[in-house]
Amino acid sequence: MSDASSAAGPRTAAVIPAAGRGVRLGPGAPKALRALNGTPMLIHAVRAMAASRAVSLVVVVAPPDGAPEVKTLLADHALPGGTPSGSWGSTDFLVVPGGATRQESVKLGLDALPQGIDIVLVHDAARPLVPVDTVDGVIEAVRDGAPAVVPALPVADTVKEVEPAAPGEPEPVVATPERARLRAVQTPQGFDRATLLRAHEAVVVGEGATDCAGLVERLGEPVVLVPGHEEAFKVTRPLDLVLAEAVLARRRANDGF
Ligand code: CTP
Ligand code: MG
């Protein structure tokens, strides 16, 4: 088995879509720029990717009019040893403006990747606390030959499929999938670069997927799941901010993080 904790091997880049507004989080700055314990969520997410020794480049997809601000933010939080404009330690970064949907934003990030990158991670800025072991586990599975790898956890709630109704109206249940066969998926999702590009190029207008792996599935290529982590949850609603800050407080108490 290849070991993603070493920098040797195929070159890996992480694309971080961070262009969303965060409507469900409520009014304020774009979600990725909101602070967690005083540091923007996006910076936590970039650090989580740069923490993997295998990741040599991070491409941040900024809010459409926010690329200059995000560049400044990254430079301000650069690690000692990095050059002010372009790198954090041994990890380079690029910033590009995003699009109207997550899928468009990811595509804009992929378009910015240089030659020589073989493995691409796509990681939500809204999952700022993913542990490095999860990141390395995804990379290792791609290195071992899987074209698409997704971290996932069993679901806790029973899930119903419904016939959506008007807001406020009761919704008829159509089916109850067997819970033991369901998984909630997280990021970073990892891909063989060529497969991910092909998946994005094959998208039919109006037929997107809510994650990149969904596009690869449409190609008929295999997608595999590896264990996710409860700290890789997505910050979506206000209560998630409370949980994220509690996780950071626990880390600080445990190891002075
Ligand atoms: N995203 C993006 N470009 C968009 C929409 C979303 O890059 N046009 C990114 C978000 O910044 C986030 C990730 O995709 O990191 C997952 O999306 P989500 O959690 O839905 O974030 P938002 O779209 O910002 O939130 P909301 O749906 O509540 O507005
Ligand atoms: Mg969204």
Side-chain angles (χ1 to χ4, degrees), residues 13-36 39-50 55 57-71 73-74 77 93-113 120-130 134-135 138 150-153 155 164 167 184-191 196 199-200 203 205-216 228-245 247:
V15 172
I16 303 186
R21 295 191 23 231
V23 171
R24 287 169 290 180
L25 203 52
K31 179 160 75 178
L33 304 182
R34 303 273 200 111
L36 289 180
T39 302
M41 204 179 305
L42 171 63
I43 297 297
H44 289 283
V46 173
R47 283 183 182 150
M49 296 299 105
V55 173
L57 171 68
V58 173
V59 179
V60 175
V61 187
D65 55 359
E69 181 185 353
V70 166
K71 274 182 196 156
L73 207 58
L74 287 169
H77 289 85
F93 64 79
L94 289 173
V95 179
V96 297
T101 64
R102 181 186 187 277
Q103 193 171 298
E104 281 177 36
S105 294
V106 171
K107 180 66 166 62
L108 290 163
L110 296 178
D111 289 344
L113 289 175
V120 179
L121 303 180
V122 179
H123 181 61
D124 293 329
R127 298 183 190 271
L129 304 181
V130 60
T134 306
V135 180
V138 168
V150 177
L153 291 176
V155 296
V185 304
Q186 303 178 325
T187 72
Q189 299 188 349
F191 305 90
L196 184 59
H200 272 267
V203 174
V205 176
E207 285 201 3
T210 51
D211 70 344
C212 293
L215 299 179
V216 173
H229 196 285
E230 60 179 354
E231 292 183 1
F233 68 94
K234 187 154 68 92
V235 175
T236 305
R237 296 178 192 83
L239 192 59
D240 299 321
L241 290 173
V242 178
L243 180 59
E245 294 201 328
V247 169

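First listed ligand is number 1; within each ligand, the first listed atom is number 1. Since the model is a prediction, treat every value here as computed from it, not as a measurement.
The proximity of Lys234 to ligand 1, defined as any non-hydrogen pair under 4.0 Å, is limited to the side chain. Proximity of Pro30 to ligand 1, defined as any heavy-atom pair under 4.0 Å, is not found for any part of the residue.
Across Pro188 and Val130, no two heavy atoms sit closer than the pair CD-CG2, 3.9 Å. Nearest heavy-atom pair across Lys234 and Asp240 is O-OD2, 3.6 Å. What you find for Val235 and Lys31 is that their closest heavy atoms are O-NZ, 2.8 Å.
When Arg21, Arg102, Lys31 are checked for heavy-atom proximity to atom 18 (P) of ligand 1, Lys31 turns out nearest. Closest to atom 26 (P) of ligand 1 by heavy atom, among Val23, Leu33, Thr236, is Val23.
In terms of polar-atom proximity, Pro17 is counted as a contact of ligand 1, with an N or O under 3.5 Å from an N or O of the ligand. Remark: ligand 1 and Leu25 share no N or O pair separated by less than 3.5 Å (distance only, no angle test).
By the 6.0 Å contact criterion, CD on Glu245 is enclosed, its count of non-hydrogen atoms from other residues, nucleotides or ligands being greater than 12.
Looking only at protein heavy atoms, the nearest one to atom 8 (N) of ligand 1 is Gly99 O, 3.0 Å. The shortest contact between atom 16 (C) of ligand 1 and any protein heavy atom is with Asp124 OD1, 3.6 Å. Residue, atom and distance of the protein heavy atom nearest to atom 7 (O) of ligand 1 are Ala19 N, 2.9 Å. Of the protein's non-hydrogen atoms, Gly20 N, 2.9 Å is the one closest to atom 11 (O) of ligand 1.
Ligand 1 has Gly22 within reach: a non-hydrogen atom of the residue lies less than 4.0 Å from it. Heavy atoms of Ala18 approach ligand 1 to within less than 4.0 angstrom. A heavy-atom separation below 4.0 Å is not found between Val61 and ligand 1.
For Ser105 (side chain) and Pro17 (main-chain N/O), no donor-acceptor pair under 3.5 Å exists by modelled atom type. Side chain of Gln186 to backbone of Gly228: no donor-acceptor contact under 3.5 angstrom is found.
Within the listing of ligand 1, atoms 18 (P), 20 (O), 26 (P), 27 (O), 28 (O) sit less than 4.0 angstrom from a heavy atom of Arg24.
Between Val15 and Val61 there is a side-chain heavy-atom pair separated by less than 4.5 Å.
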Starting from the C-alpha separation in whole Å, work towards a yes-or-no answer on side-chain contact (heavy atoms from CB on, under 4.5 Å) for Val58 and Leu74. CA-CA 11 Å; Val58 173; Leu74 287 169; over 6 Å; no
